[in-house]
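Here's the structure, in structure tokens; my notes come after.
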Amino acid sequence: MTNLEQRYLSAKRALFERYYGAFLNPEQCRAVLTVSGPLLILAGAGSGKTTVLVNRICHIIKYGTAYESKQVPDDLSEALVAEREGAVHAPLSKEELESLLNEYIARPCPPWAMLAITFTNKAAREIKERLRVALDNEELSEEIWAGTFHSICVRILRRYGERVGIAPSFSIYDTSDTKHLITEVMRELNIDDKILPIRSVTSAISAAKNELISPEVYESTAGDLRKRQIARIYKEYAERLLKYNAVDFDDIIMKTVMLLEENPDVAEYYQNKFSYVCVDEYQDTNPAQFKLTYLLSAKNRNIMVVGDDDQSIYRFRGATVENILQFDKVYTDAAVIKLEQNYRSTSNILDAANAVIANNEMRHGKTLRTEKAEGEKITLYRAENEDGEARFIVDTILHRRIEERRPYRDFAVLYRVNAISRSLETAFAKSGVPYRLLGGTRFYDRKEVKDILAYLFLLQNTGDDQRLRRIVNEPKRKLGDKTMDTVAALAEETGGSMFDVMLYANAFPPLAKVADKLLAFAGLITDLQKDAETVKPSELIPLVMEKTGYLAMLKAGGKAMEDDIDNLNELVSAAVAYEEKTLEPTLPGFLEEAVLVSDVDKYDEEADAVVLMTVHSAKGLEFPVVFLAGAEEGIFPGSQSINNPEELPEERRLAYVAITRAKEKLYATYTAQRLLYGQTQRFRVSRFFGEEIPQGLLERNERRPSPPPRATVPSARPSALSGEFARRASVSTQSAPRRAAFEHMAVGDRVLHSTFGEGEVLSVRSLGADELYEIAFDSGEKKKLMATYAKLKKL
DNA sequence: ATGGGGCTGCTTTTT
DNA sequence: GCAGCCCCAT
């Protein structure tokens, strides 16, 4: 290569670096400009991961391999090179620079040859949206294959699924459908769920699928009785799914991998189609997903994965952090780029996060840095019980909101387990602070919604016996288990589906008595199928509600069913929304979305309210002020993980995720005793927050004499505390402002209450300095009352 | 076939 | 503390 050529190439690179350097840091630039071959990007929390991902995709679509290419023009002249070298430092507008870069375009990637895989719909949506903006071209961005693992695999299966025995109209089973089917299978195989709990069976089968272990292989390696039984269940379960033309969540990935492995022509088609494969949140991939991305990128080997091994928190769902830890061992020629510059948190928060995670071994090892100021210290707050904890959080929010003029949406309360949210929710409700509680029952998990969806799935795929059984007697049609068992047996004999048997019910003597009811039902479904051919999902849903009598059933239920009706109306709205945003809305398309969507997707920072959620759901989000409630040994880390060296590191990663959600201020709160799962337990502070965070970064509220013995009036408030802190603590701790001395009651005492009248004490529970009485009043009412407030009189 | 009343057991949950 | 499930009585 001549000197002139080298100067040409280095000017070219300098121009690209200048372009991206205007808004990216050097590591981010390198990540965007590393286009060919395997690439691992280790992106710390808040390091601009999505920005890099989006810019890299955009860059490849626009410029292809321009930056790396060694191509030089045939007619390279000194004048051209000098001009370009001059441009590197010349004052140029963005547009001028872009038009210069256009000169270097080399093998740009067509959008349909770009595959970007995420885990959540929310992430997929965000990427698509940002690509649309960055490319400034709606049509182009629409053609990019950006979606979740599941949606992309569904797309592939709809097209080629028949090669692995899945017809295009297949149903998708969610976790609860799966559980029901496995329960049924176990009943049939006479396996007692007391000996082999369903939970352990579903998770074993799920784990097997995540590891691409087929029923046959599972069976052949099953040693002990337990495993042999699971093997039997797995085998039967898989056969049922095949028969019903249904797939569960894990199948969606596993069957796609099988499809690609067993059909070289299909594999080749996709390998040729996709020039580039990008995978987000790589630390959460399982072996099946690893294989999938491996296969899809096998030809060009242009596979880029982004993730953070320190944020791998889904081991329990089959994710193996080894995928990201071993990436550069599997792809030995992989480039590795670490993004360690954090743009989110103050340095105190980052130092805390770095210190906690440093206790883990087996990491790629990153240390986040920031240019932000130290910021406030982390507050570690000890409350006497869960009510004190909740009050502290609510009071602090009220206080900071006024003092710092913050909207409610600046605050998030996180916790390890949903059970913690109860006391918090009560406190928020009482205080009038607007809040949103994420988690709990998902919209699509509500019974009435699942029922209507089951009807819709059945219309699409009448072979789905499972869904048929779900709704055949909903509303009541006098078609109970007995009848349906007979139908199932006949279906088994004839080799058809239960629906087929119902269609010809009068041809089966055993069904003589119920034939008319069965035929009526089959007629109803056939009728609705005709409707389904002509109307949109949003119009079909009301028809289903009407014609099946489901709506009538709910209306008959009166007030209690009003919520159900509201939810179904919301389902119609969801269908309308789907139709609006989809080019070619279809029933299968809507159903797919309904099953593959979660409630967290709906959390779009709309309302001005404090948000309450688990640490798991908070991954990927950020808030100015974060409270971590329940920072206790036994809760976080959970009691199951405390003595389990396999699980403790994951708990620590979870703590790392929690800490790094905070931008400006982090509170960790814990209680001395907490009412959890119906009983009060004593707790110590979590090691992560009490020990592993350097003490210098912490501000504690507990440097005061131990609380006074129960039921004595505290004489003076001790104050080894800083002024500000004492003020805040005094309005909010469990030691309520006014603690009236109360009369102690014992079980069996007769008491008098000013409004409830006379009664008998059933139980006494001490809660910090207070006592909780359960009292059976003579009126027949049972009440639980706090001693301080109940003002009881002993009779 | 249906509905109600007692028992259990319990992380986390992108799809 | 409560949801979900099983069993039993109608």
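All figures in this text were calculated on a predicted structure; none of them were measured in a lab. Protein chains get the first letters and strands the later ones, always in sequence-line order, with residue 1 at the start of each.
- With hydrogens and angles ignored, the 3.5 Å screen pairs no side-chain donor or acceptor of A:D309 with any backbone N or O of A:L325.
- Within the 4.0 Å cut-off from OP1 or OP2 of C:dC5, at least one side-chain nitrogen or oxygen of A:K179 is found.
- Between the side chains of A:Y237 and A:D248, at least one donor N or O sits under 3.5 Å from an acceptor N or O.
- Side-chain contact check for A:Y173 and A:D464: at least one donor-acceptor pair (N or O, by modelled atom type) lies under 3.5 Å.
- Applying the 4.0 Å criterion to OP1 and OP2 of B:dC10, one finds that A:N418 has every side-chain N and O outside that range.
- Taking syn as a glycosidic angle within 90° of 0, B:dT11 qualifies as syn.
- Checking B:dA1, B:dT15, B:dT13 against the side-chain heavy atoms of A:H150 singles out B:dT15 as nearest.
- Each of A:D481 and A:Y677 was assigned the nucleotide of DNA chain B with the nearest heavy atom; the assignment lying further toward the 5' end belongs to A:D481.
- If you check B:dA1, B:dT15, B:dT12 against the side chain of A:N121, the one that comes closest is B:dT15.
- Between A:E281 atom CD and B:dT13 atom P there is a gap of 15 Å when expressed in whole angstrom units.
- Side-chain proximity of A:D284 to B:dT13, B:dT14, B:dT11: nearest is B:dT14.
- Here the nucleotide nearest the side chain of A:K476, chosen from B:dT2, B:dT13, B:dT14, is B:dT2.
- Within the 4.0 Å cut-off from OP1 or OP2 of B:dT14, not a single side-chain nitrogen or oxygen of A:T118 is found.
- At a cut-off of 3.5 angstrom, counting only N and O atoms as typed in the model, there is a donor on one side and an acceptor on the other between the side-chain of A:R317 and the base of B:dT15.
- Taking atom CZ on A:R416 and atom P on B:dC10, their separation rounds to 15 Å, with Å as the unit.
- Among the protein residues, A:E647 comes within range of the nucleic acid bases, having at least one heavy atom under 4.0 Å from a base atom.
- When each of A:Q681, A:Q679, A:E389 is paired with A:R674, the side chain to side chain donor-acceptor pair (under 3.5 Å) condition holds for A:E389 and for no other.
- Rounded to an integer number of Å, the gap from A:K122 NZ to B:dT13 C1' is 16 Å.
- Side chain of A:F119, nearest nucleotide from B:dT2, B:dT11, B:dT14: B:dT14.
- Atoms CD (A:E425) and P (C:dC2) sit 11 Å apart, rounded to a whole Å.
- In this structure, A:E593 reaches neither bases nor backbone, as no heavy-atom distance under 4.0 Å exists between it and the strands shown.
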What do the steps show when you test A:T671 against A:E386 for side chain to side chain donor-acceptor pair (under 3.5 Å), and what is the final call? CA-CA 6 Å; A:T671 61; A:E386 69 278 3; 5.8 Å; no
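- Residue contacts shown for A:N473 are limited to sugar-phosphate atoms, with no base heavy atom under 4.0 Å away.
- Closest to the side chain of A:T120, from the set B:dT12, B:dA1, B:dT14, is B:dT14.
- Between the side chain of A:S312 and the backbone N or O of A:D308, no donor-acceptor pair lies under 3.5 Å.
- Taking atom C1' in both B:dT14 and C:dA3, the straight-line distance is 24 Å, to the nearest Å.
- Here A:F316 does not lie in a stacked arrangement on the base of B:dT11, lacking the combination of planes under 30° and ring centres under 5.5 Å apart.
- When the C1' atom is compared between B:dT12 and C:dC5, the two are found 23 Å apart, to the nearest whole Å.
- Separating the CG atom of A:N644 from the C1' atom of B:dT12 is a distance of 14 Å, rounded to the nearest angstrom.
- When only modelled atom types and interatomic distance are considered, A:N461 and A:S169 share no side-chain donor-acceptor pair under 3.5 Å.
- Taking for each of A:G638 and A:V595 the nucleotide of DNA chain B with the nearest heavy atom, the 5'-most of the two is the partner of A:G638.
- Nearest nucleotide to the side chain of A:R422, out of C:dC2, C:dC6, B:dT12: C:dC2.
- Nucleotides B:dT13 and C:dG4 have their P atoms positioned 15 Å apart, rounded to a whole Å.
- Within the 4.0 Å cut-off from OP1 or OP2 of B:dT13, at least one side-chain nitrogen or oxygen of A:S617 is found.
- Heavy atoms of A:T483 sit under 4.0 angstrom from primed sugar atoms or phosphate atoms, though from no base atom.
- Closest to the side chain of A:Y314, from the set B:dT14, B:dT11, B:dT12, is B:dT14.
- Atom CZ in A:R652 sits roughly 18 Å away from atom C1' in B:dT11 (whole-Å rounding).
- Per the geometry, OH belonging to A:Y173 stands 21 Å off C1' belonging to B:dT13, to the nearest Å.
- As rounded to whole Å, 16 Å separates atom P of B:dT15 from atom CG of A:D177.
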